[in-house]
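Written out below as structure tokens is the structure these notes cover.
The sequence lines fix the lettering, A, B, ..., with proteins before strands; numbering per chain opens at 1. Since the structure is predicted, the reported quantities are computational estimates derived from the model, not experimental observations.
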Protein chains: 2
Amino acid sequence: MKTIAKNKIIIVDDHLLFSQSLQLLINNFKEFEVVNRFENGKVFINYLQENADSEVDLILLDVNMPVLDGVETMKWIKENRPSLKVIALSVNDDEEIIIRMITNGAKGYLLKDTSPEIFKEAMCCVIEKGFYFTELVSGMLVKKANDDSKKISLKEKEIVFIRHACSEKTYKEIASEMCLSPKTIDGYRECLFDKLEIKTRIGLVLYAIKHKIVLV
Amino acid sequence: MKTIAKNKIIIVDDHLLFSQSLQLLINNFKEFEVVNRFENGKVFINYLQENADSEVDLILLDVNMPVLDGVETMKWIKENRPSLKVIALSVNDDEEIIIRMITNGAKGYLLKDTSPEIFKEAMCCVIEKGFYFTELVSGMLVKKANDDSKKISLKEKEIVFIRHACSEKTYKEIASEMCLSPKTIDGYRECLFDKLEIKTRIGLVLYAIKHKIVLV
DNA sequence: TAAAAAAAGGGTGATTATACCCTTGTACAG
DNA sequence: CTGTACAAGGGTATAATCACCCTTTTTTTA
């Protein structure tokens with residue numbers, strides 16, 4: 001019987017049911033073994049800091065986690081352990097999140113409805129070639145490149161104003177809360193209507209919610 | 001070696017990675033075995049219809065699924081196979097969904113960040129006692145009982161109006177689209193402002209989004 | 001450092017949104 | 001058959017929103 005060094009995997013996911021189950025699944029693959037599991041980005045980073053020399057070949061990082069989520073964790077990894085290979089795992093295909101994970105250095109992005117076969121292929125691919133992107137993700141990267149040219153940038157004050165606008169306050173009340181003249185608020189509004197190609201405050205509210213400037 | 005008849009489990013979940021992993025986890029418990037997996041409510045219901053006599057002790061039903069989601073599947077089960085024991089599994093603790101699953105007959109509601117130990121306990125509990133509710137869920141059931149008294153009911157036309165109101169259309173335009181006089185629309189609006197305790201159209205939009213009358 | 005851009009504010013008028021009070025017809029229960 | 005409830009619609013008035021064109025001051029940047 002040959003002994004092959006298995007690739008060491010770490011799982012970071014707050015869904016215990018999932019992460020413990022996934023560990024069983026991965027340990028059934030002869031090429032891999034799970035050496036550690038963490039339930040959020042914070043405890044994972046703590047571990048990395050205290051075990052700087054730990055050997056690990058691949059991180060499976062959940063995106064939606066409490067305490068410290070996937071994006072923030074990925075940022076930390078990019079700055080402090082850029083050589084770590086990470087595959088992001090998520091249930092949703094929210095474009096913005098995918099882009100942020102990848103621009104922060106994730107080598108792959110898989111949805112949790114991926115089949116175990118594809119999943120294994122992705123893990124192998126990342127370890128051998130350094131990356132694995134599905135068509136969905138590649139498409140988004142291309143789209144993002146196009147979007148970037150016509151990117152809309154909102155200033156901090158505009159964002160504050162938008163949050164106020166997503167309430168039953170009148171512009172006059174908003175002006176008072178922001179310690180500005182109602183006329184200045186008027187200016188913010190007109191500028192935003194123009195930039196966002198909308199015509200009414202309702203449009204502004206819908207925009208804000210769609211782009212998660214306010215949460216509902 | 002004693003041979004005990006294991007409890008037969010069916011998993012319904014679109015996240016293949018999760019459902020296949022979970023199957024491994026459950027098969028490690030001596031009391032249970034997974035006899036089938038389905039990736040959404042529709043294929044599961046098809047199976048039930050074609051295998052009316054199949055023996056199964058417990059269904060693990062994911063809430064967020066494509067094609068036919070947990071709530072709709074649960075409705076079908078309530079009407080057609082009310083004796084089936086179902087534990088709902090979900091990543092989110094959205095009150096409305098939890099309530100709907102339970103009022104449609106789910107015997108338990110577990111979040112996916114539950115530990116395998118609790119998970120196993122819940123499965124045993126449902127099979128033996130018929131139900132298992134965490135504190136979170138029990139609390140919601142109590143809260144719901146209170147809320148029901150002051151329940152707000154929206155008429156069909158009001159809902160159509162609200163959907164229109166969540167756009168940049170003016171009331172005049174909405175009236176025209178609904179083939180009603182602007183004055184009637186005026187009446188709808190006033191009635192809703194009163195019922196929902198809001199003062200502006202912005203409030204209406206926020207209400208609609210919060211209560212998923214419109215999707216963003 | 002001069003020119004350009006951005007931020008803050010103002011005036012006026014038109015359009016929308018909101019409040020309050022009213023009539024008419026119809027359906028339905030007592 | 002009468003009263004109640006309700007949907008549809010009307011009148012009028014006020015407040016909020018939106019458009020367009022303007023000045024002053026500060027910040028950027030070429």
Mind calculating the distance between [atom1] ([X]) and [atom2] ([N]) to the nearest angstrom?
X	N	atom1	atom2	result
B:Arg189	C:dA19	CZ	C1'	8 Å
B:Ile202	D:dC18	CD1	C1'	13 Å
B:Glu158	D:dC6	CD	C1'	12 Å
A:Phe161	C:dA7	CZ	P	14 Å
A:Glu156	C:dA7	CD	P	13 Å
B:Asp194	D:dA7	CG	C1'	16 Å
A:Phe193	C:dT16	CZ	C1'	12 Å
A:Asp186	C:dG10	CG	C1'	10 Å

Practice task
Using side chain to side chain contact (heavy atoms under 4.5 Å, CB included) as the criterion, point out the one residue from B:Glu177, B:Lys172, B:Met178 that pairs with B:Ile174.
Solution key: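 Of all the options given, the one that passes is B:Met178.
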Problem - Aromatic ring pairing B:Tyr47/B:Phe38, orientation class (parallel under 30°, perpendicular over 60°, tilted between) - result: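 Ring orientation of B:Tyr47 relative to B:Phe38: tilted.
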Problem - Distance below 4.0 Å between A:Tyr188 side-chain N/O and C:dA7 OP1 or OP2 - result: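 No, because none of the side-chain N or O atoms of A:Tyr188 sits under 4.0 Å from OP1 or OP2 of C:dA7.
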Exercise for the section: Would you indicate, yes or no, if D:dA7 has its OP1 or OP2 atom less than 4.0 angstrom from a side-chain nitrogen or oxygen of B:Lys155? Expected result: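 Result: yes.
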Practice task
Return the residues of residues 166-185 of chain B meeting this criterion: a heavy atom under 4.0 Å from some atom of DNA chain C. Order them by number, or give none.
Solution key: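 The stretch gives B:Thr170, B:Tyr171, B:Lys172, B:Lys183 as the residues lying under 4.0 Å from the strand, ordered by number.
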Name every donor-acceptor pair, under 3.5 Å, that has one atom in a side chain of residues 116-128 of chain A and the other anywhere in the protein, sequence neighbours excluded.
unit_1, atom_1, unit_2, atom_2, d
A:Glu117, OE1, A:Ser115, OG, 3.3

Exercise for the section: Answer yes or no: is there a donor N or O on one side and an acceptor on the other, between the side chain of B:Asn40 and the main chain of B:Asp14, under 3.5 Å? Expected result: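 Not at all, since once roles are kept as given, no pair shorter than 3.5 Å links the two residues.
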Practice task
Using a strict cut-off of less than 4.0 Å between a Lys/Arg side-chain nitrogen and an Asp/Glu carboxylate oxygen, indicate whether B:Lys195 and B:Glu158 qualify as a salt bridge.
Solution key: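 Yes, B:Lys195 and B:Glu158 are salt-bridged.
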Handout entry: D:dC18 base / A:Glu190 side chain donor-acceptor hit below 3.5 Å
Key =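 In this structure, the two groups form no donor-acceptor pair.
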Practice task
Let me know which of B:Lys112, B:Arg37, B:Gln20 forms a side-chain hydrogen bond (donor to acceptor under 3.5 Å, both in side chains) with B:Asp13.
Solution key: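 Passing option: B:Lys112.
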Exercise for the section: Using a cut-off of 6.0 Å, state whether more than 12 heavy atoms not belonging to A:Glu96 lie near its atom CD. Expected result: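 Open: at most 12 neighbouring heavy atoms sit under 6.0 Å from CD of A:Glu96.
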